[in-house]
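Chain naming here is simple, since letters A, B, ... match the order of the sequence lines and numbering starts at 1 in each.
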There are 2 protein chains.
Amino acid sequence: MRLVVARCSVVYTGRLETRLAEATRLIMVKADGCVAIHADGGAYKPLNWMNAPNELLELADRWEVRNKKGEVMTIHLLEIISDSAHDLGTDPGLEKDGVEAHLQELLAEMPHVMEDGLTLLRREHYTALGPVDILCRDPQGRTVVIEVKRRGEIDGVEQLTRYLADLANDPTLGELRGMFVAQSIKPQARTLAESRGIVCVEVDYDELRGNKADDWTLFS
Amino acid sequence: MRLVVARCSVVYTGRLETRLAEATRLIMVKADGCVAIHADGGAYKPLNWMNAPNELLELADRWEVRNKKGEVMTIHLLEIISDSAHDLGTDPGLEKDGVEAHLQELLAEMPHVMEDGLTLLRREHYTALGPVDILCRDPQGRTVVIEVKRRGEIDGVEQLTRYLADLANDPTLGELRGMFVAQSIKPQARTLAESRGIVCVEVDYDELRGNKADDWTLFS
DNA sequence: AGGTGTATGTCGCAT
DNA sequence: ATGCGACGTACACCT
């Protein structure tokens, strides 16, 4: 990783056009070639950037970074204040716990927490429109199409509605119901869902993990 | 801006939980207090971060960064390889040209490029569901509800559909039509739109700017 | 403070 | 490659 602190101005031309007036900034060049221009504030997002793969051309007064899509970032260098490089090696990577995938796993393992009497048909059921998170059967023999979200917002309801419309063409599934499951569901999303006959269920991730631990204790 | 290159391991606990095994990384601390952990690759996004406002507690063997929401990032420092700081001052900021707002402006100025005979009613018409980009009237006296996107995807069609459903309750608008305008419209989005009777129009930003320049030349 | 929409979103996984 | 959905999305803007 190369770290250059310099007075510079920047022009980016690509998906849109941007200009940065002359100021002192950090220019970060990573081992994979990606370049980012950072100011001394404004969260983690750089002012300008070019992701790998790209070509970095170092000229006397400026750097030009180009990619295959025709995007160009030009960094006009006015004064270099610091220029250092470190070999960091490859990173072992980030391990995550608690994202939607885990929520979905837990719910597929214990569908009864969403509604009494549900049994799992399948998880990640691929349709032409995209993957349906969970398919269950209810005690009345209906197929329950379940969309799982960490946060239940209006987009998720639209998504589930599209799946329901599509799956209605599949005669093997029989009568369909929709169920929208999330750790919290926004009022607008709930209203929209219920107006379409979709049941809304809020679940607690920590409690689910607890239930799983209980099951474990119970059976071992 | 403070730049620390160090061998470290990191734990983040908040909206989810993440762990980073021991490795050499860049720790960037900006003047506003935000902290980011960068590996030597993977675009501009850091592996872990904490945005301002937060509290940075520097202990002998670790840094703890906390915010008001109860999120905590703990950086265990094993070896400091480099530690430097630079005062960058405040940045004059990024100037952008060519985002959706500009496209919308240009289209509101010359609605005829979307369809012959359209006249502007209003721009950024606020409804309970969100702002409708452009409202026009067509030569048949119908109100045209227009959603403008840089890239036309399925979400935009859903958005426009919600607006149309909502505006149907407003008797002052008369008969409604939907129009989906973008620099490019994906096939799925087009299919969905047309199945709902929504007209799709692709426009060229540079050409619009050209038209505007022509108008200028014409009248001055 | 909460809701909605934009983003040079990025990122990962599917076809 | 493109499509599609998730993301600790961040971020601006309006109610």
**OP:** Find which nucleotide of DNA chain C each of B/G42 and B/K96 is nearest to by heavy atoms, and output the residue with the more 5' nucleotide.
**Re:**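 Mapping each residue to its closest nucleotide by heavy atoms, the 5'-most match is B/K96.
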Original post:
Mapping A/P187 and A/E71 to their closest nucleotides on DNA chain C, which lands nearer the 5' end?
Top reply: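 Checking each residue's closest nucleotide, the 5'-ward one belongs to A/P187.
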With [atom1] as the reference atom in both, quote the distance from [N] to [M] in angstrom, rounded to an integer.
N	M	atom1	result
C/dT6	C/dT10	C1'	14 Å
D/dC11	D/dC7	C1'	14 Å
C/dA7	D/dA6	C1'	15 Å

Integer-rounded Å distance: [N] [atom2] and [X] [atom1]:
X	N	atom1	atom2	result
A/L47	C/dA7	CG	C1'	15 Å
A/F180	D/dG5	CZ	C1'	13 Å
A/L94	D/dC7	CG	C1'	12 Å
A/E105	D/dA6	CD	C1'	15 Å
A/E158	C/dG5	CD	P	10 Å
A/R123	D/dG5	CZ	P	17 Å
B/E17	D/dC7	CD	P	15 Å
A/N51	C/dG12	CG	C1'	15 Å

Original post:
Base, sugar-phosphate, or nothing: which does B/M73 touch, judged by heavy atoms less than 4.0 Å apart?
Top reply: nothing
Original post:
Base, sugar-phosphate, or nothing: which does B/E153 touch, judged by heavy atoms less than 4.0 Å apart?
Top reply: nothing
Please determine whether a side-chain nitrogen of the Lys or Arg among [X] and [Y] lies less than 4.0 Å from a carboxylate oxygen of the Asp or Glu.
X	Y	answer
A/R177	A/E115	yes
B/R209	B/E207	no
A/E55	A/R66	no

**OP:** Answer yes or no for this row: A/Y12 ring on C/dT8 base, centroids under 5.5 Å, planes under 30°.
**Re:** yes
Original post:
Is there ring stacking between B/Y44 and C/dT10, where the centres must be under 5.5 angstrom apart and the planes under 30 degrees?
Top reply: no
Subject >> Sub-4.5 Å side-chain heavy-atom contact between A/L20 and A/T18 >> reply: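 Result no, sub-4.5 Å side-chain heavy-atom pair not found.
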Among [options], which nucleotide sits nearest the side chain of [X]?
X	options	result
A/E100	D/dC11, C/dT10, D/dA6	D/dA6
A/R162	D/dG5, C/dG3, C/dT8	D/dG5
B/Q159	C/dG5, C/dT8, D/dG5	C/dG5
B/Y126	D/dG8, D/dC14, C/dA7	D/dC14

Original post:
Counting only distance, no hydrogens or angles, is the base of C/dT8 paired donor-acceptor with the side chain of A/N48 under 3.5 Å?
Top reply: yes
Original post:
A/E147 or B/K186: which one's nearest nucleotide on DNA chain D is closer to the 5' end?
Top reply: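 It is B/K186, whose closest nucleotide lies nearer the 5' terminus.
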Phosphate-side-chain proximity, [X] and [N], N/O vs OP1/OP2 below 4.0 Å:
X	N	answer
A/K45	C/dT10	no
B/K149	C/dT6	yes
A/R15	C/dT10	yes

Original post:
Of B/L120, B/V144, B/L118, B/T143, which is the lone residue that meets side chain to side chain contact (heavy atoms under 4.5 Å, CB included) with B/R137?
Top reply: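 Result for side chain to side chain contact (heavy atoms under 4.5 Å, CB included) with B/R137: B/T143.
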**OP:** For residues B/M179 and B/L160, report the shortest heavy-atom separation together with the two atoms involved.
**Re:**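 Reported closest heavy-atom pair: O-CD2, 3.5 Å.
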